Amino acid sequence: MCVACCIIDDHEKGETRMTGDNTILEVKNLTKHFPIYRGFLRRIVGNVQALNDVSFSVAKNETLGIVGESGCGKTTLIRVMMRAYEPTSGEMLFNQNGEMINIYSLNKRELKELRRHMQIIFQDPLSSLNPRKTVLEIIGEPLLIHGVARGQELKSRVSELLDMVGLSVKHLERYPNAFSGGQRQRIAIARALALQPQIVLCDEPVSALDVSIQAQIVNLLQDLQKELGLTYLFISHDLSVVEHISNRVAVMYLGSFVELAPSAELYRNPKHPYTEALLSATPIIDPDARRKRIILPGELPDPSNPPSGCKFHTRCNYAEEVCRTTVPAWEEVSPGHWTSCHLAKTLSLRGVLK
Amino acid sequence: MMSGMKHYKETADYINKMYNRQSQLDESLADQMRESEKIADATSQWRLMWRKFKRNRIAVVGGIVVLLFYLVALFGDFIAPYTLEQRMTRYSYLPPQRVYFFAGGRFQPHVYALETGRDPITLQRTYVPNPDKRIPIRFFVEGAPYKLFGLIPARRHLFGVEEGIISLFGTDGQGRDMFSRIIKGSQISLTIGLVGVALSLLIGAVLGVASGYYGGWVDNVVQRLIEIVRSFPPIPLWMALTAALPQHWSPLLIYFTITVILSLIGWTWLARQLRGKVLALREEDFIMAARLAGASDRWIIFKHLIPATFSHIIVISTLSMPSMILAESSLSFLGLGLRPPLTSWGVLLQQAQNTQVLLLYPWLMLPGVFVALSILAFNFMGDGLRDAADPYTV
Amino acid sequence: MLSYIVKRVLGMIPAILIISFITFVVIQLPPGDFVTSVQAQVAASGGGMDAATVEALRARYGLDQPMIVQYWRWIRGFPKGDFGFSLEWNAPVWDVIAERMGWTLLLSGLALVFMWVVSIPIGIYSARNQYSLGDNLFSFLGFLGLSIPDFMLALIWLVFGTLVLGIPAYGLFSPEMVDAPWSMAKFLDLLKHLWAPVVIMGVIGTAELIRIMRGSMLEVLNQQYITTARAKGLPERTVINKYAVRMAINPLISVLGMQVPKMISSSIIVGLVLSIPTIGPVFLRSLISQDMYLAGSILLFTSVLLLISNLLADLALAWVDPRIRYE
Amino acid sequence: MRKKALLLLLVVVIVMSGIGINAAPKYKEAPELAKLARAGQLPPVEERLPKEPLVVEPVESIGKYGGTWRRAFTGINDFHAFGRQVYDTILRWPRDPKDPIKPGLAKEWYWSDDGKVLTLRLREGLKWSDGHPFTTADITFWWYDIELDTNITPAPHPEWVIDGKPMELEVVDDYTIKLKFPKPNGLAETVGLAFHGNQWPLGFERFGFFAPRHYLEQYHPRYNPKATYELFEEKAIDYNTERPVMTAWKITEWGPGATRLVAKRNPYYWKVDPAGNQLPYIDEIVLTLFEEVEALNLRAIEGGIDFQFRRMSLSNYPSFMMNKDRYGYEVLLWPDAVPSKLCYYFNQSIEDKGLREIFQNPKFRQAMSLAINRDEINEVSYLGLGTPRAFVVVPDSPYYDPNQEQLYAQYNPELANKLLDEIGLKRGRDGYRTRPDGSRLEIIVEGMEWDRATTDEMELVVAAWNEVGVRTSMRTSSRELYWTRACGNEIQVSTWVESRAIDPMVDPIWVFPYDERSWMAPAFGNWYASGGKFGEEPPKYIKEMMDLYDRYKTTVDRDEQIKIAKELLRRNAEGCFVIGTVGLVPNVVVVKNDFRNVPETFTTDWIYMAPGTLDPCHFYFDR
């Protein structure tokens, strides 16, 4: 597995760029504010800063994990990337045959074409599958929409997909409510893969499932990645799952990335106090290691009124004066390891992996 | 605050060991579920709905009654022993006749012949049955000609008598058989609801779904429209609108216009309900999934939203029927609805709204009983359907 | 809250304008006009009216003007509280309506109260004794009430009450009491006449309210905090009255706004059958005689009443349920 | 016998009162008025009454003062519910229509020899209900400031306009006035002074012969520049409680949205009984508003009405009879002066030329009349209480001819079929007749919803016509629309409840096409009424009838008038101009057991303002 970690830093622009055309996706300064309307005239009185100046890139065949608490903006990120929401600013470049296309400049038809290459798996397989449609209809829908297949051909194509995700052909005419949670998620995966996408955005694909089944789905995703050369953007609040599947992991807090590093590096050697706190609460691999769980003080700040300086300072155990006043820069503290913390160089934080 | 953080104990090895592409565990779990909840292989929502509906005894009874009503209305001309125009003036204001089933220990349905007269003081019609003269009831008897379904000319009636009169529900002032008239009246009263509901469905579904799905200015316009329509109290608005009907129009045209007027108000309720439903659906992931798969608005509306709201539409229609039937009879009662020679339950009731009817000829109020019965049946049925409609609450 | 009310009230103004226009158009839709109807009425009572008189009357009432002019003549008086002139009563519209509006509101209001007083306890009972005999009985009775047209009930009561029970079922007062000054006896006389129409009007809506109350109560009773309250050892009565009912009543309030138009409609029909001086008979008559300003104003007033009752329902909801706040 | 005895008693009473003239006051009055008079709030009764009060001959007996007469009505349009109880005119219709016209507010009247000048002498000392004298000024005010003011009356009533010239008035003194016409005016006495001779405007009818000048002058723009015509109308209407009247009771309580109308005794009323008691006996009339005729009937059934026949429905007769003893009232059946309860006009001026030709053929109309089974209708709709008959005047009429009563009124479908065959309406294979040219024949009978009985009757008639092969359907609509369309010559066969069967010449709309209300040919009627300006010129047989009426109008000799009227009515009857079914259908009259001076029988007609000619002011309660 080739992990692209030759990243060149560009402080001024605040963005990360990949060398070569190994990059499949590049997100630049993506920002999404939801306006808050108020009053008779529906004036905009504020913004919920759901996504703030997020930049990263994804290499082909890589899995980029994104973790964070619920409400940190993970789902917004996915939806903006899928152009379900229009971003407030920023761009996203997609590598189509070596050409980087900004998806926000596409028209409806071009966008529909692009959708073939980029698909999504939702968190809740129950709500992401129309309960009134059979498996055939659900998985076949993207194929029909794009005119890829129909009739008998559709059926055989869907059967292949079913086989690929480990379901039986005899399930074709069943409705989602006849399946268990794991099976439903397999159906959702089959649908996502129907159009042979290059990149799949996984929005907490296993968090609604039983623990035992989570593993099966994760492994299925990994197998599929190997087989089909897929690229994943894997979002979860569950650090252990992310660690298991990701090549690199990004940590999100309040709409911004606070740390991004190859997963082993991140888990072993976190550079951001928030990452440390997250990890401390995760019983990974070594249940016997008696680690002290770091309890974060305070509550998640209101995203429509984020704190000044470092957004995390209100809950950070290490916070100093500078954290309150100055926004920390997004810096590469070691090769491929990015963070935005004033104290990144001075603090020695505890990871989980030895 | 790390919410929902689960203890994820499996090691990678363990995971690999457990993992099997055929996922037997998964399969058996689902099998167990099926077994316990009796979900058949290709269980559609309709089957589910039907199964739940069947369990509601009173709703089933309501449904059967509704079905029966429509069947009777459909074959009304055959079932009714007399046509609308048949007047037996000799027998005006005849009270419902008693039917005797056995003659001399043998099954031989019959009625008694009647001696007619007038009370010398009150001048009321009097009818004295003569037990010595039995008039047998014949089945599939030749009678006045009619057209079955308005198409097939026929003369046979389900039952009838060869002399005298058979009037199960009595007669009106012109000696017309109320049984036959109520059956004929049901044809209009029951269809006016259907047509009205269909029309309001059309308007309501289109506007409701559009307003829920598109939101924005479409939603705004539709919502304002609904508010304005709703800010008219229904009966007065109906009154005003029906008063505006050109009365020289043909009865059929009037009939349709009145249904249109009834549905003009009926749709708002439906539209609101559907909008709410669509608003909720729009946020469902499967809609997002379809959209992200590149589906157009039309695709989403017709392939996902409308089918998803279908059970609601059916429930709402069933529950709207009573108000349509009631509205028709109320308007006709006020003299603003249908007019003779059109015969609906409302028209029959309008003709019966006299003191003397209640005092002297109470059987002329029978159409009211049928209005009540049909509404009751529709309500019970609709109620059962509503309970059965939600696919998630098995 | 205050600004919310002000905003809602201001928002009603364009609605009222649109409603008034629709109203006027609808009222003007029937062929002919007030003068034609007078002519026909005179004729029906055996008299006659020549063509020249007809034209002169038409000119006097301004009926020869285009509709938009007539509409303007009507609405321009609104800010001054002038709703035009009733051609038939030969009096300002407001005078005619004011005389009748009180009774309409009283009757509708009492019917609403009746519905609530009946349906809340039954709803609570039914929810607490789900599927019991009583529950089934009440729901059947409710549906039965829903199914019998109000005009039929009124008609049956009219004859049955008057001739069988000897209670005059029509009007609001016994004839000998109409003119009497207000006294205990007159009040009792009013009550004697009032309860039947109130019940007749209320019966239809009660079924629906019982259902809502029952459903909402069932939902609330399954909530965590009820179990908690019970676990805390609070007496059952307190749990039901203080916690459950208070929450369960919300949906009832939100349908309040929808009940008002039904009551007004019902008061029209019941008023007509039982000769009760509600706005209904006047309205029907004005429609038939095409007394357009009167008919239009009544339709408009009832609509405004609905707007107001919706507002009140919203406010009541906010008052009962602290979770709802209006900015 | 009884009548004679009564008369004798009357004479005795009058003589005795003459004898006792010095011993007792000449007139007596109601106790409440006496109290006011004693307190000086009212002049004494002698001053309130005119010099020669009208003496009302009691139907039954001298009455007693007091009581409230409870009646019911259906609203503001139902003015006649009150108005006909207080009908006081210049000249008065007799109680028996065959008698000559009687004096009213005018004591005497006579024609000049050439029939062009009519002199009226009013009773001296008549007073309005506010005590102001009633004089010829009140007549001239009406004539010049109401009838001839086009702002109020666009065109004066035809009986006052002879050959296009309005009458001229010459006031001789306060009590004497001369009416001058260019030609003899045959309508002045009956139409002008008896029928229309009331206080203007009588509900929406807007006719009259006088108005309170002293009161209305202040609201008339001609006398008060600040007044408007709207204001004038508002003050002049009958419902205005301030307006002075000449009637026995005066409306004292009524307003917008009100639910009852109260009328109280007029202390200046100008009639007395033979014993010198000032009328009326009854203190007040209270009319309760009923939105629904059914509730109104119920009110009567449970004894809540003292005396009334208006709005009582015949179909409730059994209920009345069952409850009368329980609630203490009597139910009388007074014949209504209707030739037929419902009548059918075949529109002889209908636009459809083919239909017009058929409708103009008397044989067709006769056939349609013969096709109807009137006995059946009588049984179904009228409890067998009516009289199956042709559409001709009633026996009480001065123009009655018994030979016409059953003309084409027997049920004879064979003859009807024969007549129809004769005029070329051949039956097709479906059993329905076609027009002579072979095209489809279908007629539509239209009507409005009256009540159950008439709707039943209409349906029976329609069925009967279908029986003889004339495809007929029926349509009902609201009164307003129906009226407009019928007058607009748009209806093929119209139906109506037509009375005016005692003296139809007063308003001869059913006798011949008189105006657009003559639905036997509205277009011809319009032509006649407009003097040929509008409508369509009628064929000869109709023009002849119009000429006859023109002669009637300009004859003041009553015998000559009767001769002309009979000729006109003969043509009408023989031509079946109007098809009647069941006539003389009785009114149900509810009379409380203690309500007196109501006769056993009485023919009611609206022209005669029934029960106005019975002098309701002398009804009384025997308590």
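The sequence lines fix the lettering, A, B, ..., with proteins before strands; numbering per chain opens at 1. Quantities reported herein were computed from a predicted structural model and do not represent experimental measurements. Scope of the values below: all heavy atoms of this structure, side chains included, with no hydrogens, waters or symmetry mates.
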Checklist entry - Is it the backbone or the side chain of A:R116 that comes under 4.5 Å from a heavy atom of chain B, or both, or neither? => result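 Neither part, no heavy atoms under 4.5 Å.
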
Checklist entry - Between B:A293 and A:Q119, which heavy-atom pair has the shortest distance, and what is it? => result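 Minimum heavy-atom contact is CA-NE2, 3.8 Å.
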
Checklist entry - So, do B:R291 and A:M82 sit near enough that their side-chain heavy atoms are less than 4.5 Å apart? => result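 No, every pair of side-chain atoms sits at 4.5 Å or beyond.
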
Next on the checklist: Quick check: do A:D124 and B:F286 have side-chain heavy atoms less than 4.5 Å from each other?
Outcome noted: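 Contact flag for A:D124/B:F286 side chains = no.
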
Checklist entry - Stepwise, does the salt bridge (charged side-chain N to carboxylate O under 4.0 Å, His left out) test hold for A:R184 with B:D285? => result CA-CA 13 Å; A:R184 284 176 189 154; B:D285 286 341; over 6 Å; no

Checklist entry - To the nearest 0.5 Å, how far apart are CZ in A:R79 and CG in B:L292? => result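 Between atom CZ of A:R79 and atom CG of B:L292 there are 8.0 Å.
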
Checklist entry - Between A:H146 and B:A295, is there a donor-acceptor pair closer than 3.5 Å when you use the side chain of the first and the backbone of the second? => result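 Checked: no pair found.
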
Checklist entry - Does any N or O in the side chain of A:K133 come within less than 3.5 Å of the main-chain N or O of B:K303, such that one atom is a donor and the other an acceptor? => result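 Yes.
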
